[in-house]
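When a ligand or atom number is given, it counts from 1 through the structure's own listing order.
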Amino acid sequence: MQTTYVMIKPDGVQRGLIGEIIGRFERKGLQLVGMKSIIPSEEIAREHYAVHSERPFFPGLIKFVTSGPVVCMAWRGVEAIKVARNLIGSTNGREAAPGTIRGDFGMDMGFNMIHGSDAPETAEFELNLWFGDSLMEWNQDSINWVYEG
Ligand code: DAT
Ligand code: MG
């Protein structure tokens, strides 16, 4: 099992897409092990996007992601990191495949509504950054009808 960090960004919240987006992860069969909504501080936003700190779009990205509420989530499942990235779609909404979140609802590169960890190391870093050790351990009974083995 993997756990991945997923975050609905301020544009997704402003556009009223929280329920639509969460529903896709739920219906896929992933398990929700963390969720909260906050307005991110500049400090946490800068840490989260530290890998992009030298890029020209970095200041705008920080301003955007701290502009209003985000929904922070932790989703667990077999290969959850890749599964979540597949649900999310490629970075630019105009090029993202239909059926993905960005492909269905997005028209922009910066305003792409949602973040998902891209590797086990980044998932660990991001989950720790946003949730610390407060993830929930719980048994989801329906799991027996999600995985055969
Ligand atoms: P992703 O969110 O698909 O993992 P990323 O990690 O490369 O994409 O970039 C993080 C975010 O930064 C991305 O969701 C939107 C923004 N971004 C990336 N490249 C950009 C660019 N060339 N211009 C403006 N914003 C960009
Ligand atoms: Mg990324």
Once you round to the nearest 0.5 Å, how far does CD1 of Ile88 lie from CE of Met113? 10.0 Å

List every atom of ligand 1 that sits less than 4.0 Å from any heavy atom of Leu61, numbering the atoms from 1 in the order shown and giving each element. 12 (O)

Is the closest heavy atom of Arg102 to ligand 1 under 4.0 Å? yes

Is atom CH2 of Trp138 surrounded by more than 12 heavy atoms (other residues, nucleotides or ligands) closer than 6.0 Å? yes

Can you tell me if His115 contacts ligand 1 (heavy atom of the residue under 4.0 Å from the ligand)? no

Any chance you could measure His48, atom NE2, to Leu61, atom CG, to the nearest 0.5 Å? 8.0 Å

Atom CD1 of Ile44 and atom CD of Glu126: how far apart are they, to the nearest 0.5 Å? 10.5 Å

Kindly determine whether Thr4 and Lys82 satisfy side-chain contact (heavy atoms from CB on, under 4.5 Å), including the steps that lead there. CA-CA 9 Å; Thr4 189; Lys82 186 168 73 185; over 6 Å; no

Run the side-chain contact (heavy atoms from CB on, under 4.5 Å) check on Phe25 and Leu32 step by step: do they pass? CA-CA 9 Å; Phe25 287 83; Leu32 187 64; over 6 Å; no

Using a 4.0 Å heavy-atom threshold (strictly under), name the region of Met113 that reaches ligand 1: side chain, backbone, both or neither. neither

Which protein heavy atom lies closest to atom 10 (C) of ligand 1, and at what distance to 0.1 Å? His52 NE2, 3.5 Å

Nearest to atom 21 (C) of ligand 1, what protein heavy atom do you find, and at what distance? Phe57 CD2, 3.5 Å

If we only count N/O pairs under 3.5 Å, is Arg55 in contact with ligand 1? no

Under 4.0 Å, heavy atoms only, figure out whether ligand 1 is touched by the backbone of Lys9, its side chain, both or neither. side chain

Which residue and heavy atom of the protein sit nearest atom 4 (O) of ligand 1, plus the separation: Arg85 NH1, 2.8 Å

So, 4.0 Å and heavy atoms of Asp118: is ligand 1 close enough to count as a contact? no

For the pair Phe131 and Tyr5, name the ring-plane relationship: parallel under 30°, tilted 30 to 60°, perpendicular over 60°. perpendicular

Among all protein non-hydrogen atoms, which one is nearest to atom 13 (C) of ligand 1, and what is the separation to 0.1 Å? Asn112 ND2, 3.6 Å

Among protein heavy atoms, which lies nearest atom 15 (C) of ligand 1, and at what distance? Met109 O, 3.5 Å

Would you give the length of the straight line joining atom CZ of Arg85 to atom OG of Ser90, rounded to the nearest 0.5 angstrom? 9.5 Å

Within this structure, what is the CD-CZ distance for the pair Glu95 and Arg102, rounded to the nearest 0.5 Å? 12.0 Å

Identify the protein heavy atom lying closest to atom 3 (O) of ligand 1, giving its residue, its atom name and the separation to 0.1 Å. Thr91 OG1, 2.6 Å

